Amino acid sequence: MGLVVQKYGGSSVADAEGIKRVAKRIVDAKKNGHQVVVVVSAMGDTTDELIDLAEQVSPMPAGREFDMLLTAGERISMALLAMAIKNLGHEAQSFTGSQAGVITDSVHNKARIIDVTPGRIRTALDQGNIAIVAGFQGVSADSKDITTLGRGGSDTTAVALAAALDAEVCEIYTDVDGVFTADPRVVKKARKIDWISSEDMLELAASGSKVLLHRCVEYARRYNIPIHVRSSFSGLPGTWVSNENPQGDAQVEHAIISGVAHDVSEAKITVVGVPDKPGEAAAIFRAIADAEINIDMIVQNVSAASTGLTDISFTLPKAEGHKAIDALEKAKGQIGFDSLRYDDQIGKISLVGAGMKTNPGVTASFFQALSDAGVNIELISTSEIRISVVTRQDDVNEAVRAVHTAFGLDSDSDEAVVYGGTGR
Ligand code: ADP
Ligand code: ASP
Ligand code: MG
């Protein structure tokens, strides 16, 4: 029996009952002979509540203090979980990210892991303990300050520890039975996927399926760590995410479409009246990049012949909206544009599947489904295994359901179960 890393999300440890339920599961894994490392998130919506609290005392909290505050959420759950396990008669020790050896760069609020040195975890395991690690946090190698990995970052902590400890599997426990063909909160007839390739999962996660964080899938793919996404509320097997299909590719026909993802966390900025000459796009996106903002989709309109001016629109996380507008306003003299428009009432719908590159007509059927549902498309982007469109936010749920049905993904059996969480 090898080492397993188990990660429990906030909805799984939302209250004392939840913590006790999870503690039993962890002890069961230990009783089965495994060495167990647990990564835990903050209880319920604690992180959101801490963010709200910070905003009440300061509109722009300093990154260092913000991270210090947010990591408190995970510290609460790790200590309570260790107590609950001890209460069941088993040894457990909790560790902060820093104590567990999660070393990051020094970018507050979205730090990247640069090394994992889990010496203390190894020692705790060797002494027969269950090791509990606070997710979503680390310590900067340079500044020695506490950092956080960005929202949903406990998934990344879990995979990073699994890689560093050479775990046989990284289990991600959440409030649904696995990865579905669409968010079960939106599509009741979503189907559970038994196995999905890292490649398709990466694309779903990058397109907004928050059941797994994009960076965690990236990490798992690089270090070849199999992930098992499953519910902490049921005993059902979940979804395996790995580079190679465990049953062999020959036996399992690759689905053309893996699923439909949606994302309402982005906003759109339109730079109006940009001179249509070389270097303009470079200047706009340099200003955005210098502000350390990641953008997603971009479109440039055909310029009006009479004015020689064009518009450039792009999408970015809503949370970065103010920063982007500030950066562009500061560079306005140098870029030369008329005005900026900001729209945070957009949503993105993406269809993902490695099979689509060899199946003509997928794009046409996707657009037809949206048109039949009366949904207007504002931006489009494609990759080899994904098509994404931006629509009005109000249309997103309807659009996801329409596309899910049009591609034959609706299940004809039970409705997908959502066991907990508030969907926040
Ligand atoms: P946790 O607190 O365990 O980290 P999250 O809220 O981050 O949980 O992720 C689980 C949620 O992800 C589910 O409750 C579901 O609403 C959402 N989700 C979005 N897309 C999918 C999908 N394709 N399959 C399963 N869940 C999805
Ligand atoms: N508690 C953090 C969040 O809510 C990290 C996590 O749950 O993964 O984003
Ligand atoms: Mg999560």
Side-chain angles (χ1 to χ4, degrees), residues 6-14 18 22 39-52 66-67 69-78 97 109-111 133-138 147-160 171-188 190-193 196 200-201 203-217 227 229-233 238-239 241 257-265 319 349-353 396-397 400 404 409 411 416-424:
Q6 301 190 328
K7 177 255 170 178
Y8 292 90
S11 51
S12 296
V13 291
V22 164
V39 172
V40 70
S41 291
M43 295 171 71
D45 291 332
T46 301
T47 307
D48 290 293
E49 286 153 18
L50 292 173
I51 292 172
D52 290 348
F66 197 60
D67 278 353
L69 175 72
L70 295 195
T71 55
E74 269 70 13
R75 287 186 179 220
I76 295 172
S77 43
M78 73 176 192
N109 306 333
K110 49 178 178 188
V133 179
F136 163 68
Q137 54 180 277
T147 53
T148 61
L149 308 178
R151 297 307 307 270
S154 298
D155 293 349
T156 316
T157 306
V159 169
E171 298 182 324
I172 304 278
Y173 286 92
T174 184
D175 54 11
V176 288
D177 279 314
V179 180
F180 285 71
T181 47
D183 186 342
R185 280 179 212 273
V186 174
V187 182
K188 289 286 161 232
R191 217 185 303 149
K192 190 177 82 188
I193 302 169
I196 183 170
D200 280 14
M201 190 62 234
E203 209 74 13
L204 278 177
S207 309
S209 297
K210 70 167 183 163
V211 62
L212 278 184
L213 192 71
H214 169 250
R215 242 194 236 173
C216 134
V217 185
I227 300 178
V229 183
R230 54 195 307 194
S231 165
S232 73
F233 298 80
T239 302
V241 184
I257 301 299
S258 281
V260 188
H262 71 279
D263 190 354
V264 291
S265 70
I349 298 124
S350 305
L351 187 67
V352 171
V396 163
N397 289 359
V400 172
H404 196 267
L409 298 172
S411 99
V417 185
V418 179
Y419 297 92
T422 57
R424 186 170 175 183

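Keep in mind the model is a prediction, meaning the values are calculated, not measured. Numbering of ligands and ligand atoms starts at 1, following listing order.
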What are the atoms of ligand 1, with element, lying closer than 4.0 Å to any heavy atom of [X]?
X    : answer
V179 : 24 (N)
T174 : 1 (P), 3 (O), 8 (O), 9 (O), 10 (C)
G10  : 2 (O)
K7   : 4 (O)
D175 : 10 (C), 11 (C), 13 (C), 14 (O)

List ligand 2 atoms under 4.0 Å from [X], heavy atoms only on the residue side.
X   : result
E74 : 1 (N), 2 (C), 5 (C)
T47 : 1 (N), 2 (C), 3 (C), 4 (O)
S41 : 6 (C), 7 (O), 8 (O)

Next item on the list: Take V417 and V176, measure what side-chain contact (heavy atoms from CB on, under 4.5 Å) needs, and give me the verdict at the end.
Entry: CA-CA 6 Å; V417 185; V176 288; over 6 Å; no

Look at [atom] and say which protein heavy atom is nearest, naming residue and atom and giving the distance to 0.1 Å.
atom                    : answer
atom 7 (O) of ligand 1  : K210 O, 3.5 Å
atom 15 (C) of ligand 1 : D183 OD1, 3.2 Å
atom 27 (C) of ligand 1 : V211 CB, 3.6 Å
atom 9 (O) of ligand 2  : R151 NE, 2.7 Å

Check: Is there a donor-acceptor contact under 3.5 Å linking the side chains of D67 and T147?
Finding: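 No.
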
Margin query: Is it the case that the side chains of H404 and T181 hold a donor-acceptor pair, with the cut-off being a distance below 3.5 Å and no angle test?
Written below: yes

Notebook entry, point to check: Quick one: ring pair (Phe, Tyr, Trp, His ring centres under 6.0 Å) partners of F233, sequence neighbours excluded?
Noted result: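 Result, ring pair (Phe, Tyr, Trp, His ring centres under 6.0 Å) vs F233: Y419.
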
Item checked: ligand 2 contacted by G9 (non-hydrogen, < 4.0 Å) ->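 Judged by the 4.0 Å heavy-atom criterion, G9 does not count as contacting ligand 2.
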
With distance as the sole test, does [X] use its side chain to make a donor-acceptor pair with the main-chain N or O of [Y] at under 3.5 Å?
X    : Y    : value
T239 : G178 : no
T156 : R215 : no
Q137 : T148 : no
D155 : C216 : no

Item checked: Evaluation steps, side-chain contact (heavy atoms from CB on, under 4.5 Å), between R191 and F180 -> CA-CA 5 Å; R191 217 185 303 149; F180 285 71; 5.5 Å; no

Check: How long is the span from the NE2 atom in H262 to the OG atom in S350, to the nearest 0.5 Å?
Finding: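 These two atoms lie 10.5 Å from each other.
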
Next item on the list: Please confirm whether G152 comes within less than 3.5 Å of ligand 2 when only nitrogen or oxygen atoms on both sides are compared.
Entry: yes

Would you say [X] and ligand 1 have an N/O pair spaced under 3.5 Å apart?
X    : answer
R185 : yes
T181 : no
F180 : yes
P184 : no

Check: Do K7 and E171 pass the side-chain contact (heavy atoms from CB on, under 4.5 Å) test, and can you show the C-alpha distance, the side-chain angles, and the key distance before you say yes or no?
Finding: CA-CA 6 Å; K7 177 255 170 178; E171 298 182 324; over 6 Å; no

Notebook entry, point to check: Hey, does V211 have a side-chain heavy atom less than 4.5 Å from the side chain of M201?
Noted result: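 Yes, at least one pair of side-chain atoms sits under 4.5 Å.
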
Notebook entry, point to check: Is there side-chain contact between M43 and I76, with heavy atoms separated by less than 4.5 Å?
Noted result: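 Of all side-chain heavy-atom pairs linking I76 with M43, at least one is under 4.5 Å.
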
Next item on the list: Look at atom 25 (C) of ligand 1 and find which of A182, A190, G178, S209 reaches it with the closest heavy atom.
Entry: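 Heavy atom nearest to atom 25 (C) of ligand 1 belongs to G178.
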
Margin query: I'd like the name of whichever of S154, A158, G73 reaches closest to atom 6 (C) of ligand 2 through any heavy atom.
Written below: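 Among S154, A158, G73, the closest heavy atom to atom 6 (C) of ligand 2 belongs to S154.
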
Next item on the list: Pick one of side chain, backbone, both or neither for how V176 approaches ligand 1, counting any non-hydrogen atom pair under 4.0 Å.
Entry: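 For V176, the contact with ligand 1 is made by the side chain alone.
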
Notebook entry, point to check: Looking at ligand 1, does S12 have a heavy atom less than 4.0 Å from it?
Noted result: no

